[in-house]
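To start, the structure itself, in structure tokens.
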Amino acid sequence: MYVAVKGGERAIDNAHAWLAEERRGDTSVPELSVAQIRTQMTLAVNRVMAEGSLYDPDLAALAIKQARGDLIEAIFLIRAYRTTLPRFGGSNPIDTEDMACDRRVSATFKDAPGGQVLGPTFDYTHRLLDFKLAADGEVGDAPVVAHNQTATPHIMSFLDRENLIQSEPTGADIPDDLTRTPLELPASRALRLQSLTRGDEGFILGMAYSTQRGYARNHAFVAELRIGAVAVEMDIPELGFAIEIGEITVTECETVNQFQGSKTQPPQFTRGYGLVFGMTERKAISMALVDRALRWKELGEDNLGAPAQDEEFVLYHSDNIQATGFLEHIKLPHYVDFQSELELIRKLRREAQDNISREAAQ
Amino acid sequence: MNMMSDPYASRKSWLGLMAKAASADVARYWATMDMAPEYTVLRSPEIGGVMVRGRAGAIGAAFNLGEMSVTRASVKLPDGTVGHGYVQGRSKDHALKAALVDALMQTDAADTVEAGLLTPLRDAVTAHKSERAAKAAATKVEFFTIVRGED
């Protein structure tokens, strides 16, 4: 039973005023601008866009500022804003083959056409704190070399040509959308992928790591990891044709995993897939591993009882906004609920005490 | 796709360019053209979301990746020419300019708009892409093999 409790308005107003002051912090230090967050905290902005499920770097940066750097709170703000937007429609599926790659690496083929392009990566850094950044250091320009805009074909397409890898089944043009209808199980792969790409990075990472440690058997190779800009195209009814409506940066990870085969079909490698807004490579690799683990049924594998194979467990617990909402509500007033618990325990104790007294008297 | 065979190729090209251009660039180049065309607004600038889709395994069934913010508007010139604008982000002014450019590009003003606005925008996009590609190319790994031992 919920009973409305009045009061506390002044306390709440004052708490929010203090929150605003604490957010601003020491006024002798210059205030952060949204543009500074957008351009210098880009990986935080990317995470908020991916898990907030809305590609808008300005809004993500604003949310980070408002949330005092609490990324889950920022994601919450973006999710709430997202629901206010009228939906103009759905895009055509983005073509990651046409990506302008900032980064593109393969762990499976050294000499892949298009080459191994490291991009602006933390890999091979020594993870030592750089005290130069604490001072006002000017950064030199990154080196450039002449480039020829050749295509960068997906590495999987080479395995595909030899039939060494399972093909991907086609599906509905308009996929199920968990923002429109509640997630029901068993979930289609489209719903699983949508759920994973907006899921909490820490949770998806933990699930993926569990598969590597042996909970679900799917040793994965990263066939390809690519990060870069792709155009987004949508059919415009009033025009009668599709136009590009924008360009987004995404991270794509394709894994190649062990075999599937049968009496009638020779063994083939299987795939896991990760695609995430922004430069979000840890998340994209994690997503590919969890996607692969969740595919056990359609690939005819055994259920090993591993958490990462349990779609109910994974999909119902990966959303950090749902989780936060339910978790944090328990700190809000539950005075009446607790009152009834108190009355119950007093009654039980009274009865127990009476029994002890009665037995002692006998 | 063969661009030559697409009757809408040039219109798609300017609409796509206006959609992807930075709002600040659009405002700046528009101002330098010193144009004040008459028009009526058919659809006031409206901010909304578009669900961006991907494909499982890059080639398989479509799935919903997440939304992006988009602003759209439509205008009509006194001669009846209608223009539509869809732009990334939440700038209403940008969307209105995109619709106006779409309309003007279907009229005699096309050359002026092309030279004053679209060409510099296209150059800016090309320069940006080229710069990133050059930086990426500089991080391309050149493997060499170390021979160990003697034959």
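Just so we're on the same page: letters track the sequence lines, and every chain starts at 1.
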Under 4.5 Å from any heavy atom of chain B, what part of [X] do you find: side chain, backbone, both or neither?
X	value
Met234(A)	side chain
Cys253(A)	neither
Thr179(A)	side chain
Pro86(A)	both

Open item on the list: Taking 4.5 Å as the heavy-atom cut-off, does anything in residues 114-126 of chain B contact chain A, and if so which residues?
Closed with: none
TODO: Tabulate, in ascending numerical order, the residues of residues 19-32 of chain B having at least one heavy atom closer than 4.5 Å to a heavy atom of chain A, or enter 'none'.
DONE: Ala19(B), Lys20(B)
Open item on the list: Strictly below 4.0 Å, N to O, side chains only: are Arg43(B) and Glu238(A) in salt-bridge contact?
Closed with: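 So Arg43(B) pairs with Glu238(A) through a salt bridge.
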Task: Residues Lys129(B), Glu247(A): salt bridge by 4.0 Å N-O rule - done: yes
Task: Part of residues 47-54 of chain A lying next to chain B, heavy-atom separation under 4.5 Å - done: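 Hits under 4.5 Å: Ser53(A), Leu54(A).
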Task: Criterion side-chain contact (heavy atoms from CB on, under 4.5 Å) on Lys140(B) and Gln116(A), from CA distance to verdict - done: CA-CA 6 Å; Lys140(B) 194 165 174 171; Gln116(A) 308 268 354; 5.9 Å; no
Task: Heavy-atom pairs under 4.5 Å with chain A, option from Val87(B), Leu15(B), Leu17(B) with the top count - done: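 Ranked by contacts with chain A, first place is Leu15(B).
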Task: Ala109(B): partners by side-chain contact (heavy atoms from CB on, under 4.5 Å), with sequence neighbours left out - done: Met35(B), Leu104(B), Thr107(B)
Open item on the list: Using side-chain heavy atoms (C-beta onward) and a distance below 4.5 Å, is Glu46(B) in contact with Phe88(A)?
Closed with: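 Sidechains of Phe88(A) and Glu46(B): in contact.
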